[in-house]
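Below: the structure, in structure tokens.
Convention: sequence-line order gives letters A, B, ...; per-chain numbering from 1.
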Amino acid sequence: MVVVCTWTRASHASDNFPDALKLHWDITTLPVGGEGCRLCHNTDTGGLDDLNRYLGYRLKNTYNVRRRVQVTLTRALDQIETRRDDSDGDGATDYEEIVEDRTNPSDPNSHRVFEVPSEGGAGGEGADVGGASADGGEPPNVEYPPAEPLPELPPPIWHGCTLSTRSATGLPALGLLVLAGGLAFWRRVARR
Amino acid sequence: MRASVLPSGPCQKRLARAVLAVSFAVIALLLPSEAAAYTWMVRHDYTTCRPCHLDVSGGGILTPYGRALGTNVLDTRYVDELDEESTVGQPLFGLVKLPDPLMLGGDLRALYYSSKIEGTAANNEFMLMQADLLAAVKLGGFMASGSIGYAETGAFAAAITRAPEKNLVSRHYWAGYEFDEETGLAVRAGRMNLPFGIRTVEHTLWVRSLTRTSINADQQLGVAASWSPGAFRTELMAILGNFQIHPDDYRERGYSAYLEWFPLHGLGVGASSLLTHRDIDPEYLKETWRQAHGLFARWATPWQPLVLLGEADYALRSPKDDFRREGVVGYLQADLEPFQGLHLLLTGEANDVGLDGTPFSWGVWFSQQWFFAPHFDVRFDSIFQSLGDEFGRTDALTFLAQGHFYL
């Protein structure tokens with residue numbers, strides 16, 4: 001059998017996307033652990049059938065981001081930033097959550113604490129309040145609109161048989177099984 | 001005095017060698033892969049897949065006839081006359097004489113992959129693309145077949161373990177009964193390849209990936225009836241779902257079918273149809289209907305080295321309360337065999353499947369496949385694709401080098 005070239009680690013689908021996002025928005029880390037894929041996917045394995053996160057759903061269905069095609073991601077990120085998309089509906093835009101707040105844009109429970117300015121007082125800590133007017137007068141009252149109902153995401157898809165555990169890998173189990181079976185049969189033949 | 005653990009008699013030694021050979025083969029083949037289906041065999045007047053494959057629509061395990069034929073017409077010959085006593089083309093290189101009803105097979109495929117997409121860094125990988133062990137039995141009209149393999153990455157739709165990678169996979173397992181050996185009238189039940197279009201080995205062709213009918217991991221559980229009398233062959237499958245994905249909301253139900261007719265010697269024309277429904281599509285996360293309908297053709301031209309294959313399908317995905325993704329996908333392939341065993345393939349493909357107004361994507365493959373020895377072949381593919389979407393056009397260049405060993 002002819003095989004070519006050197007061994008490299010098998011890569012996940014669109015494994016350049018976390019780096020592309022960091023580069024495009026000039027940040028060094030992402031607000032999720034692991035390889036950063038869990039901004040959009042359930043796991044770092046990735047894949048279209050693992051895209052069960054709000055931001056991933058938005059990128060795929062609204063902006064038609066294409067697997068491994070980085071330019072489609074950067075175009076979508078520009079749109080997300082310009083249009084102030086808020087995929088998880090928690091009141092903080094996706095851009096703000098990733099770049100400024102370091103919170104998860106796919107988790108409605110992960111967002112900065114919003115400071116609502118008190119009536120008649122100076123502008124609060126939240127810059128989105130609108131800030132003080134140029135002449136130092138009182139900032140206008142800001143009424144936040146009621147949050148729109150969030151779309152309910154379906155249960156995540158998973159593969160395999162129900163009896164096997166999530167962390168099991170197949171190779172050692174099958175190899176041992178075959179070896180044990182072969183040795184047992186050899187011994188039985190030898191005893192005849 | 002204890003008896004020696006080593007086998008002594010000739011029968012025992014043959015059995016022991018069989019155990020060793022099978023064990024070695026299984027261990028050595030612990031990587032996932034897809035079964036091969038060589039649709040250009042129409043060149044040798046094989047309009048149906050039955051004589052060589054137990055699966056009436058092709059692919060999967062080879063019958064003893066298929067093995068013998070492979071030795072005669074598939075591999076490059078280095079001598080004028082083949083040794084008729086040679087068993088090298090048989091399973092396990094003929095080390096073990098299998099009982100007549102039993103068939104064994106397996107595939108091991110290594111791949112070097114290099115891809116450069118416009119605007120991104122080049123991506124290079126070496127992977128064990130395929131490793132499957134296949135077994136089948138045929139006793140009178142009863143037949144059954146199954147496969148088990150190992151997937152280093154991907155192939156989740158065929159996985160039987162639940163890890164994010166390095167999973168055991170089982171692409172097909174079915175049982176059936178052949179009512180008439182001459183016409184191939186048979187019914188099967190189990191997990192099988194979908195009967196649709198040209199069952200080509202190039203599973204990443206858009207015509208296979210956009211219709212989700214490849215032989216890689218698109219198999220489904222169902223019941224299928226097949227028939228191939230004379231100049232016709234057909235198969236209809238009721239799709240019951242892929243029970244290797246969960247929960248049940250993600251499983252498709254529907255049908256898939258094809259009909260092929262050979263009106264002239266060496267020319268086959270066919271039609272395919274597929275319709276499925278699933279409560280949740282993993283891509284759109286919504287209830288989705290999916291359809292694909294199309295035509296295909298295979299032509300062994302009057303010039304024997306040249307075979308032409310082509311397929312065109314209309315594909316539709318309709319998520320609930322969402323835009324339809326639809327369009328046409330097709331390919332045309334020329335297979336030139338200048339001498340036995342060497343195939344030069346030129347393939348063109350195109351599709352505009354997507355939202356309304358999605359521009360055409362097109363691609364060209366230049367491939368070489370050489371069956372240089374029994375059980376071995378190598379393949380090289382150079383692929384250029386121009387991918388169109390509503391944001392513009394992106395070019396991609398891919399190079400594949402494969403080494404394949406089948407048991």
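Between the side chain of His159(A) and the backbone N or O of Ala155(B), no donor-acceptor pair lies under 3.5 Å.
Contacts between Tyr113(B) and chain A at a heavy-atom distance below 4.5 Å involve the side chain alone, from C-beta outward. In this structure, chain A has a heavy atom under 4.5 Å from the side chain of Tyr250(B), while its backbone stays farther away. Heavy atoms closer than 4.5 Å to chain A are found in the side chain of Arg325(B), but not in its backbone.
Closest of all the heavy-atom pairs between Pro247(B) and Ile157(A) is CD-CA, 4.5 Å.
Crowding of Phe360(B) atom CZ: a count of heavy atoms from other residues, nucleotides or ligands under 6.0 Å exceeding 12.
Considering only heavy atoms from C-beta on, Tyr57(A) comes within 4.5 Å of Leu285(B) through its side chain.
Taking OG1 of Thr72(A) as the start and CG of Leu387(B) as the end, the distance is 10.0 Å to the nearest 0.5 Å.
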